[in-house]
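Quick notes on the structure that follows.
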Amino acid sequence: MCITQLIWRSSPVFEKDPKASKMNYDFNNIEQKWQDYWAKNQTFKASNHSDKPKYYVLDMFPYPSGAGLHVGHPLGYIASDIYARYKRHKGFNVLHPQGYDSFGLPAEQYAIQTGQHPAITTETNIKTYRRQLDQIGFSFDWSREVRTSDPNYYKWTQWIFIELFESWYNLETDKAESVDTLITKFTSEGNADVKAVCDDDIATFSSEEWQQFSSEKQQEILLKYRLTYLAETEVNWCPALGTVLANDEIVNGVSERGGHPVVRKKMTQWSMRISAYAERLLQGLETIDWTESLKESQKNWIGKSVGSEVKFPILSFPQGEAKAGSDNRPGYMTGGNNSHLLLERAKEMRANPTQAEAALWECLRSKKIEAKFRQQHLIGDFIVDFVCLDKGLIIEVDGKIHENQIEEDQKRTERLENDFYKVVRFSNEEVLGNTDAVLKTIIAELEQLESVKDKKHESEQHWSEQVLPLGKDLGWDIAVFTTRPDTIFGVSFMTLAPEHDLVSQIVTEGQKAEVDAYIKSTAKRSERERMADVKSISGAFTGAYAEHPFTKEPIPIWIGDYVLAGYGTGAVMSVPCGDQRDYDFAKHFGIPIPNIFDKVDISEAAYSSKDNVVITNSDFLNGMNYKKAAKRAIFELEKLGQGTGKTNYRLRDAVFSRQRYWGEPFPVYYVNGMPQMIDPKHLPIRLPEVEKYLPTEEGEPPLGRADVWAWCTETNQVVSNDQVNDTTIFSLELNTMPGWAGSSWYFFRYMEPGLSADGESKREETFASEEALSYWENVDLYIGGSEHATGHLLYSRFWVKFLKDREFVSIEEPFKKLINQGMILGTSAFVYGFSVGIKNINPKLEVPLNKIQRYIIPRESYLKGIEGNYDELILSLVEKHLSHYKDAGNVNIEWDLELSPFVPIHVDVTMVNSSNELDIDKFKSWQENFKTLQFVTNENGKYIVGREVEKMSKSKYNVVNPDAICEQYGADSLRLYEMFLGPLEQAKPWNTAGITGVHGFLKKLWKLYHQGENASFSVISSPPLEGLEEVSAEAFKTLHKTIKKVEEDIENFSFNTSVSTFMIAVNELTAQKCNHKDILEPLLILLSPYAPHIAEELWNKFGHAESISTAPFPKFEEQYLVESSKNYPISFNGKTRFTLEIPLSLTKEEVEKIVMAHEKTQAQLDGRVPKKVIVVPGKIVNIVG
RNA sequence: GCUCAAGUGGCGGAAUUGGUAGACGCGCUGGAUUCAAAAUCCAGUAACUUCGGUUGUGCGGGUUCGAUUCCCGCCUUGAGUACCA
């Protein structure tokens, strides 16, 4: 609902003297008159047929909110309106439409609260919006208006959705194609050679298999390729509200509204495969004229990174949890439940062998023995010194310590032998003293033992029959994406996102509790919260190990919430020496930080730069730089089949379902759980009626409450739910589309004339006709706020590229030039509260104290007070209260600082006049608890409020309503002032007091045209008289200077400076007493884009019957600005001291002569001889020395 | 943290290629007009000043005859974005 705010005026406003109105600038009447004229004559209606060149100016789609406009909103509209009007003067056929993005949450929220249908609320809001827009005098072509909530419009949004469903992305042609071409491929050759952007879990099938699949199976497969598809997505689910919340609707893990708990939940939702377009969305940025910062945001959002994907095999699984893994489990994985702990120890022992162990290992690994041995290997829960897995022979080398544990060793041997192993023991002395004998014994033992392969059939398989070669994809590896494959030898651990699918499978018994607790604690935190907290490092060890592709060393696998499940593979290879986050993590958990950078100190921090890197401690990568090493690492990984070069994008597929009522319904029904599209000829599928706009008790979206919401495939109509039989009548989709659906293509709809355009419109037959699309092409100028940088502006680019691929439109990019207007900030007003609190010194002596008295103190006292400096005023107030009690006999009291807060209080800006004086009475009666406030006023009995610049918002009571401004100063003043405030793209504070400047300018302009008797309109049109020639030369100079500057300014969107230029022109012409038609008439055209009403009125007084809107822009002529002399600044060592008027015709030498001869020069030099004199003709003279 | 902007009077801001810093407007001061006010008009308004000048565009350097403008380093503010591997 619109809240019209009253402006409190400190002084009487305009007296509307009927006699005076004839000659005075009566903006209210003038503006109403011309707004009516434009509407009646359809002055700004665009035509699709014109000899003129086309120009399309568009504002970002407004949502008609109930609060109405504040002065910040029209800023961009005024700028685009000026540009549109300027282009009309420049001879363009201009399309400048407006409409409403009228689906959305606020209306739904209001409906939930009041039961009022959102369509009604929306209609009311649009009326207010329209009235407010009209009164500012915009040159919109309203005949082409669109509303996203209009079934005639969303019919085509549904149609585009169907087209997306019927499309897949072919990487070979690099564009979207109809799924028909995909089905043809499947039928003839299967899917093995299909290169598409699709889900990554698709099994390969042949053409025969495809043909044998059931229809459902085929649909299921196709869904994985379609550009819009159903997928499980994790969402923030709030059970209490029965709805999904956006990240920013969650504060501290609970819903912003109501403070209910929020959980992450998987939900089947429609998604848009925008990721297919990642590269094209990135490349397209090069072709469009947008600001760098905006392009930067989109680049970051798309987040392209080039690197490689590496697979790390998982080294051990706890028994019984290795699910499908048991078949594939490599034979060398012989560890038991405690593998993860023992492996750490085994690794240590491998690194520090005893002398005897080292000696024997030398012999065993050399070619002297045929069989393959492993050292310090896990067998069950034991670490054995050496083992030949094929033959099941274990060799133990015992030091002195074993003399004391003969019993234990015996048990150990027994247990191992039970497991079909043969154990042979040697002492250190035996090994070192007679290695050859020991070897002989081992060879003899080996000959007696059967190979595992032969043993296989005998007993139940204890280990896998085949020792698989490393690096084969067994389905049990961790894939990571890295931009730094060159640092692969610096990996000392791996980190998985806590949500990673593998976590539950690899976690060991011993670590389970810790890991579960950690997962639970991170699940509570929202993604945003998790990401915002950079300082606290947290994680847990899974107990599992992965194998390094090159060194084959085990790498511990951790989980940590700094890794996000949604990005890349949800896992990272952690290189602490090269990545600060990995470094911090390693430091925190005491994980080793190997250095692989030559001559780089990593004792304090990681070295994350790719520049000046020389790789070391990295085997075959040693001595290489980043580029070479990365390339080589990928090459070697590919050889192993454990990695490949890859480009990754951050851009995720966009969720397209909303559990809301007030949005576009999907043209979708379900047969056996598979989504079916309704034939486009039956569109639109209208939003059904519901009795309540809340989710159902079962947690279904609001459409679950509709009684008539089923699809009959025989009558092709929406029918009652009772009739659902799942043979001919099926349930319809309950979700609705998101806000960005309708706004991703609306700019095309405007190209097609509105339905009111006498039979010309093809809006019924198509979303926009081919000829309209080819005539208007794309938006030439798009103006709006930067908040849409990564939402609307990315999604609409995506849809346009899709529509182009499917040949529905012919352009690749929707918005050629784009400007972000800066926000207009509010100037909040404050009073400063201070309460005197008094306490008993002896708490036992309860003496009743009066209520605390609250004061409003001046800003200066407040500012000192919060710093702890109490000025005289504060101290005297305190003293006054203390003595009050003391006089009453209570001496055991003192000032209580804690009960004496300094509090700034927002004041409604309408209670303050332009001199910052507060209307105290009004303030006191504003809120009940303000009544008793005592004001400390200045000597004039006034209270001066403090001012601070903040965002303009209702809650800060600093909203300024354009209605009030238009009433008091007029739309032209508002338009000029909004532009005058500062550069369009910058944020700037609004200060209503300043508007008197531009308003005064318009009055002065009015006067310039009314210099006749009784201030009547008076201009002369006869050629200039002889005596007046010089005067008119000055006037022409002013005019052409203005033409030049204003034209340049508009082209550069520097509207603030052109307002100054107008002021200068009017000031000059007033001083010249100029009243000549040849000057004053073209001046109006210059001004008309900015202040169209006054321009039309004065233009009309010149006798024109037509609107000024298409009058040709005056032509700038250089001749009027040619000067014969220049007032040269004469500077000494670069500092200007005085100026001299010197003819421009003179040469450098002549100028220098004149300057040097001048007495002021001599006085300035004071006898010194200048070293050098620099003369820049027409610019400056600089004397050095 | 990263990326991008931006730091100029009491305030909003101007100076478009390196060439008179503070245009234009607000506010403020003084004056005219008025019984008075509003409105209007005129004059002044960066700071310091011995009224000759001197200093001044966030800070410190540099390039240049000359720097708000170009370069290097730093500080501050704003916006966007974010453990993005």
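We use all heavy atoms of the structure for the numbers below, so side chains are in, but hydrogens, waters and symmetry mates are not. Here is the naming used below: chain letters follow the sequence lines, and residue numbers restart at 1 for every chain.
- The six-membered or imidazole ring of A:Phe589 lies away from that of A:Phe493, with a centre-to-centre distance of 6.0 Å or more.
- With its glycosidic angle more than 90° from 0, B:G25 adopts the anti conformation.
- With sequence neighbours excluded, the residues satisfying side-chain hydrogen bond (donor to acceptor under 3.5 Å, both in side chains) with A:Ser1125 are A:Glu1141.
- Evaluation of the ring-ring contact (aromatic ring centres under 6.0 Å, His included) rule for A:Tyr583 yields no partner, not counting sequence neighbours.
- Glycosidic conformation of B:G9 is syn; the angle stays within 90° of 0.
- The side-chain hydrogen bond (donor to acceptor under 3.5 Å, both in side chains) check on A:Lys299 picks up nothing, with sequence neighbours excluded.
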What donor-acceptor contacts under 3.5 angstrom involve side-chain atoms of residues 1172-1185 of chain A, with partners at least two apart or in another chain?
unit_1    : atom_1 : unit_2    : atom_2 : d
A:Asn1182 : OD1    : A:Ser1131 : OG     : 3.1
A:Asn1182 : OD1    : A:Asn1133 : N      : 3.4
A:Asn1182 : OD1    : A:Gly1134 : N      : 2.9

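- When the P atom of B:A85 is taken as reference, atom OH of A:Tyr562 falls 13 Å away, rounded to whole Å.
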Subject >> Pairing annotation in dot-bracket form, given for RNA chain B with Watson-Crick or G-U pairs under 3.5 Å and | for cross-strand partners >> reply: (((((((..(((......[....)))((((((.......))))))(((....)))..(((((..]....))))))))))))....
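- Checked against the 6.0 Å centroid criterion, the rings of A:Tyr977 and A:His999 do not qualify as a close aromatic pair.
- We find that CD1 of A:Ile1174 is positioned 15 Å from P of B:G19, with the value rounded to whole Å.
- Residue contacts shown for A:Val1184 are limited to sugar-phosphate atoms, with no base heavy atom under 4.0 Å away.
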Subject >> Protein proximity profile, nucleotides 2-18 of chain B - base contact B, sugar-phosphate-only contact S, no contact -, cut-off 4.0 Å on heavy atoms >> reply: -SS-------BSS-B--
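- A:Lys1044 comes within 4.0 angstrom of nothing in the nucleic acid, heavy atoms only.
- Across B:C84, B:A85, B:G25, the shortest atom-to-atom separation from the side chain of A:Asn1067 is found for B:G25.
- Between the CZ atom of A:Phe1001 and the C1' atom of B:U40 there is a distance of 18 Å, given to the nearest Å.
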Contacts table for residues 302-310 of chain A: side-chain donor-acceptor under 3.5 angstrom, sequence neighbours left out:
unit_1   : atom_1 : unit_2   : atom_2 : d
A:Lys304 : NZ     : A:Glu279 : OE1    : 3.1
A:Lys304 : NZ     : A:Glu279 : OE2    : 3.2
A:Ser305 : OG     : A:Tyr567 : OH     : 3.2
A:Glu309 : OE1    : A:Lys646 : NZ     : 3.0

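- Partners of A:Asp972 under the salt bridge (charged side-chain N to carboxylate O under 4.0 Å, His left out) rule, at least two apart in sequence or in another chain, do not exist in this structure.
- Listed by chain and number, the residues in a ring-ring contact (aromatic ring centres under 6.0 Å, His included) with A:His548 are A:Phe489 (sequence neighbours excluded).
- Here A:Thr482 does not reach the OP1 or OP2 of B:C84: none of its side-chain N or O atoms lies under 4.0 Å away.
- Backbone-only contact: A:Thr996 has heavy atoms under 4.0 Å from sugar-phosphate atoms and none from a base.
- With sequence neighbours excluded, the residues that form a salt bridge (charged side-chain N to carboxylate O under 4.0 Å, His left out) with A:Glu1047 are A:Lys90.
- Contacts of A:Phe1001 classified as ring-ring contact (aromatic ring centres under 6.0 Å, His included), with partners at least two apart in sequence or in another chain: none.
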Original post:
In B/S/- notation, 5' to 3', how is nucleotides 44-57 of chain B contacted by protein heavy atoms closer than 4.0 Å?
Top reply: ----------S---
